[in-house]
Amino acid sequence: MAPIIELRNVYKRFGDNIIYEDMSFGVEPGETFTIIGGSGMGKSVCLKLMIGLLPYDAGHVLYRGKEVGDMDAENLRELRRNVAMVFQGGALFDSMSVFDNVTYALREHTKMSDQEMLERARECLDMVGLGYDKEILYRMPASLSGGMRKRAALARSIAIKPEVILYDEPTTGLDPANIERIGHMIRKLQKELGVTSIVVTHDMPIAWKCSNRVAMLWQRKFPYIGTPDEIQANPAPEVHEFINGIYHEDQD
Amino acid sequence: MSVRRPFEYIGEAIRAGFDWAGGISLLLGRALLRGVQRPWGIYDVFNQIVALGIRSLPLSTLMGVFVGMALTWQFGEALMGFGAKNAVGSAAALALVRELVPTLMALTIGAKIATGVTAELGSMKVSEQIDAIASLGADPVKKLVWPRLVASTVTLPLLNIYGNVLALIGGAFIADIVFDVPAEYFYETYIDELYPMDYISGLVKSFTFGLLVGLIGCYQGFQTKFGTEAVGISTTNTVVATSVAIIVFDFVLTTIFLPVG
């Protein structure tokens, strides 16, 4: 099956800081693909390259075979209608209510009536476990807890029913019950709607539970890609130490 | 090496200046190109006019009244020495309408608008809200820059008109109370001294300042790097850039309008 998103021989740097060198991988339609790796190595950059939020220096970033770097404004808009992103801190719009946040993409891309948008917003908030609060639609992001903001951001991303969702550390800062809820939601979206998910995370239990494949970023590439079982059985010391959280004092 | 270093710094500063001017021109071009396309975002523009303009009214009031009073007092004192205190209205009119009200309004209200815009957009940038707008298929320039640019360009001339009226009232008050020149007489000499081109030059100045203020505020906000400290740095840079731009453009516009007037 042709990959839905493919990165081929990608090079990316910020000034003198080289992030990717000849980096390649592909994501199959319908799979949950998890990216792991050390902090500050550029995992989130990878997600931003996929939807054209950051330019790449060389190589190819392809969505359904089309070069993202060559897309004009209209094609990028269409790409972003199909590929949604959940940001690390939620990135809810402070000046808008939860309802306006959740329905933002619907207003941009569809001609749904207010009633239809209201129903979709409720459905999405139910899905992320915020439906119990009847007033939440009218609350401002500043009045929500960190976990609620993150889940509202998730609701905003799924409202447009994208075919791919990019998650940038979706469970960071959440309590164990909400971590489990997010993991359950990723699996549910995959099973019921066939959504492709690309998850950047440090949360290894979520990575093992949700993923079809896991890729580890190491030395500006993804040399280790495989099923959760394959990655866990990988004998490379860097993989073993990372996934088991092994720390050596002499590394300080 | 040590001889070359100052030249390297100068060269670097010139390059940074060109980068900045290029970046800001590109942003203006993109905003104009996207802004004129439908939907025009009238609701967003109106919201920004309220946010940037209406909320600046108290400061504009204070600035208008006090600059009118201070300048009239200064001119009155000087003219009394020549026994020409009755000409205080004529003397104050040109300085206020052509120069002081538009420029001081831009330096105070304009700087307030620009820093507010930079702080807001800078915070949105560091919390990835600008990326989120783009990721949801919307255009951040159309959604964020265009309404603020239009609002500041419309707002500053309106506040300039408002400030002129208050400066006239402040001047008339001082003329009457301090110099015993009747307020009605001050008003008549004030208005008689002014020609349409004087009002036009004041309005063109405040229109230009409004555009600069909105543009610089948005550009600096979009250029904010990472972390809350970066928002502070961007805001400080905005104050400097706005002040310099206003002073330079004031001089340029004055040289253009003076031979005409």
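Just the heavy atoms: all of them, side chains too, but no hydrogens, waters or symmetry mates, feed the values below. Labels below follow one simple rule: chain letters A, B, ... track the order of the sequence lines, proteins then strands, and each chain is numbered from 1.
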**Q** To check you understand the geometry: which heavy-atom pair defines the closest contact between B/Leu211 and B/Leu149, and what is its length?
**A**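 Taking every non-hydrogen atom into account, O-CD1, 3.8 Å.
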
**Q** Looking only at atom types and distance, does a side-chain atom of A/Thr201 sit under 3.5 Å from a main-chain N or O of A/Asp203, one as donor and one as acceptor?
**A**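 Judged by distance alone, yes, a pair lies under 3.5 Å.
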
**Q** Counting only heavy atoms not in B/Phe251, do more than 12 fall under 6.0 Å of its CZ?
**A**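 Incorrect, the count does not exceed 12.
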
**Q** Scan chain A against chain B and return every donor-acceptor pair whose distance is under 3.5 Å.
**A**
residue  : atom : partner  : partner atom : Å
A/Lys48  : NZ   : B/Glu128 : OE2          : 2.8
A/Lys48  : NZ   : B/Asp131 : OD2          : 3.2
A/Arg77  : NH1  : B/Gly137 : O            : 3.2
A/Arg80  : NH1  : B/Ala134 : O            : 3.4
A/Asp94  : N    : B/Gln129 : OE1          : 3.3
A/Asp94  : OD2  : B/Gln129 : NE2          : 3.0
A/Glu108 : OE2  : B/Lys143 : NZ           : 2.8
A/His109 : NE2  : B/Leu136 : O            : 2.9

**Q** Quick one: what part of A/Leu76 sits under 4.5 Å from any heavy atom of chain B, side chain, backbone, both or neither?
**A**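 For A/Leu76, no heavy atom lies under 4.5 Å from chain B.
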
**Q** Under the criterion side chain to side chain contact (heavy atoms under 4.5 Å, CB included), which of A/Ile165, A/Val27, A/Ile186 is the partner of A/Thr32?
**A**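 Exactly one pass, corresponding to A/Ile186.
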
**Q** Measure from the side-chain N and O atoms of A/Gln190 to the backbone N and O of A/Thr196, and report whether any donor-acceptor pair falls under 3.5 Å.
**A**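 A pair under 3.5 Å: no.
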
**Q** Select one option (side chain, backbone, both, neither) describing which atoms of B/Ile133 are under 4.5 Å from chain A's heavy atoms.
**A**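 Interface part for B/Ile133: both.
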
**Q** Check each atom of A/Val83 against the heavy atoms of chain B and say whether the ones under 4.5 Å are side chain, backbone, both or neither.
**A**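 Just the backbone, heavy atoms under 4.5 Å.
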
**Q** Determine the minimum heavy-atom distance between A/Leu7 and A/Cys46, stating which atoms define it.
**A**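 Nearest pair, atom of A/Leu7 first, then A/Cys46: CD2-SG, 4.2 Å.
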
**Q** Would you say the side-chain atoms of A/Arg151 pair up with the backbone N or O of A/Gly129, donor to acceptor, closer than 3.5 Å?
**A**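 Judged by distance alone, yes, a pair lies under 3.5 Å.
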
